[in-house]
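Below is one structure; the comments refer to it alone.
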Amino acid sequence: METYQILQIAWFCLWGLLWAVYFLLDGFDFGLGTLLPFLGKTEEEKRVIYNAAGPYWDGNEVWLISAGGVTFAAFPKAYAVMFSALYAPLLILLFTLIFRAVSYEFRSKETLPGWTQLWDTVQFLGNFLPALLFGVAFANLFRGIPIDQYGIYHGSLIELLNPYGLAGGVFFVLIFALHGALWLSLKSEGGLHTKAVAAAIGLWPIVLIVTLAFLGLTAYYTNLYANYLKYPLLGVAPLLAVVGLLGVRCCLTSGKLLLAWASSGLFIIGVTFFGVLGMFPGMIISSMNPAWTVTAFNGSSSQLTLTIMLGVALVFVPIVICYQFWMYRTFAGPVTHEHLKDEHSY
């Protein structure tokens, strides 16, 4: 295998890893916001939910920027086609993330009921909609979208809301809600902690059922399983997902909440790689003609560019990891009543 091909495969795997890490970290933010109307019944409970995500959400989005940046620099053709074909949902996604950020800062500026209720609604939509849209977008990438040999999209926003796309959206919302409930169980005390654990226990069988349904729909609507039949070793990815999901249940039963959250993260990583490896080498699969698919090989940058980027990644990715490790360590522990009295709290 040539050096250029090795670099292309390496960057494809790194591209998938960045998306997996983003879903792992920002996923609990999405879950917390989605659960806000259901678990936050008092003002203090709502503030605990806000502060459970507050120190982390903007740092977590570094991985979204990284995933987008890698797509742009390592696979410019895939980036061009993706942001053209999925322009409308990606634009909606961008605005929801912007308003979500605003809701964190603006909610505490006034104490009027109408004011806080407005930003609570924005917080809910700013987390629920991105989770839904990411699921719809990735499900359609797995299924294939109508692009021609020039990468021009021959479809509409409505066509993306097909049964498989919507199933992907529901699937993402539920796995992030479970992830968020587990995170909240670690960051809360008293009644809210009890409700968070109960929510995680209640969501687990629903996630299991939806996961099995999504796997069945994937077999019907996509060709993802072909790679797993051809290369059985790739089955490590779905195996990790299975171990993670079962681990969530076992750890919840034994009261090991941190391990339950880690297992949920393993499930998310496994699910992400299940889709990414199933697509390989495709990145933007054409439903019109497989020959028009944008792949890791025909859509990548030059060998020189990939080599330079690899050097940059080896330097800066560990720095980001160290920074985030410090951040999570600094803000470890539950959000208490005393934390809410701090003038810098949300």
Side-chain angles (χ1 to χ4, degrees), residues 19-41 45-57 59-61 63 100 123-124 127-128 130-132 134-135 170-212 214 240-273 324-325 327-329 331-336 339:
W19 280 113
V21 173
Y22 172 66
F23 291 146
L24 162 66
L25 296 180
D26 214 21
F28 73 75
D29 296 330
F30 293 147
L32 287 171
T34 301
L35 294 172
L36 178 65
F38 307 101
L39 300 183
K41 298 303 182 182
E45 288 179 340
K46 291 177 182 178
R47 290 192 63 203
V48 169
I49 293 173
Y50 272 90
N51 284 276
Y56 312 103
W57 68 267
N60 293 340
E61 288 194 348
W63 297 100
R100 179 183 75 156
Q123 173 73 193
F124 167 71
N127 285 286
F128 170 77
L132 181 71
F134 272 123
V170 172
F171 180 48
F172 270 48
V173 168
L174 288 172
I175 63 177
F176 291 153
L178 174 61
H179 202 47
L182 290 168
W183 181 257
L184 184 59
S185 70
L186 296 171
K187 302 295 290 184
S188 59
E189 297 178 326
L192 183 57
H193 169 81
T194 302
K195 288 195 292 184
V197 173
I201 293 173
L203 281 167
W204 189 87
I206 300 174
V207 170
L208 175 62
I209 293 169
V210 173
T211 299
L212 294 174
F214 187 72
L240 288 177
V242 171
V243 170
L245 187 56
L246 294 178
V248 171
R249 182 63 185 181
C250 293
C251 293
L252 274 173
T253 302
S254 60
K256 299 175 181 177
L257 297 179
L258 181 58
L259 282 177
W261 182 81
S263 297
S264 175
L266 182 64
F267 172 61
I268 291 172
I269 291 174
V271 165
T272 305
F273 270 103
Q324 290 218 301
F325 176 79
M327 178 182 66
Y328 277 82
R329 186 178 179 85
F331 295 101
V335 179
T336 65
H339 284 107

Taking atom CZ of F176 and atom CD1 of I268, what is their separation to the nearest 0.5 Å? 5.5 Å
To check you understand the geometry: which heavy-atom pair defines the closest contact between P334 and E189, and what is its length? CG-OE2, 3.7 Å
Under a 4.5 Å cut-off applied to non-hydrogen side-chain atoms, are T336 and V48 in contact? no
Taking atom CD1 of I209 and atom CG of L212, what is their separation to the nearest 0.5 Å? 8.0 Å
Minimum heavy-atom separation for S263 and C251, please, with both atom names. OG-SG, 4.2 Å
Can you list every pair that meets salt bridge (Lys or Arg N to Asp or Glu O under 4.0 Å) and has a residue in residues 191-211, with sequence neighbours left out? E45-K195
Taking the side chain as every heavy atom from C-beta outward, state whether L184 and H193 have any pair of such atoms under 4.5 Å apart. no
d(L39 CG, T34 OG1) to nearest 0.5 Å is 10.5 Å
I'd like to check the side chain to side chain donor-acceptor pair (under 3.5 Å) partners of R47; sequence neighbours left out, ordered by chain and number. S345
Mind running side chain to side chain contact (heavy atoms under 4.5 Å, CB included) on F28 and N60 for me, showing each step along the way? CA-CA 10 Å; F28 73 75; N60 293 340; 3.6 Å; yes
To the nearest 0.5 Å, what is the distance between NZ on K187 and CG on L32? 10.5 Å
With sequence neighbours left out, what residues match F267 under ring-ring contact (aromatic ring centres under 6.0 Å, His included)? none
Under a 4.5 Å cut-off applied to non-hydrogen side-chain atoms, are L132 and F172 in contact? no
With a 4.5 Å limit on heavy-atom distance, are the side chains of L186 and W261 in contact? yes
Heavy-atom nearest pair, L24 first then G265, reads CD1-CA, 3.2 Å
For D26, all residues meeting salt bridge (Lys or Arg N to Asp or Glu O under 4.0 Å), sequence neighbours excluded: R100
So CG of L245 and CG of L240: to nearest 0.5 Å the spacing works out to 12.5 Å
Between F128 and F124, what is the ring plane arrangement, given parallel below 30°, perpendicular above 60°, and tilted in between? parallel
Hits for ring-ring contact (aromatic ring centres under 6.0 Å, His included) against Y56, two or more places apart or cross-chain, chain-then-number order -> W183, Y328
Do I206 and L178 come within less than 4.5 Å of each other through their side chains, counting heavy atoms only? no
Sequence-distant partners of W63, side chain to side chain donor-acceptor pair (under 3.5 Å), two or more places apart: Q324
Is the ring centre of F134 less than 6.0 Å from the ring centre of F23? yes
For A181 against L203, the heavy-atom pair lying closest together: CB-CD1, 4.5 Å
d(T272 OG1, Y22 OH) to nearest 0.5 Å is 12.0 Å
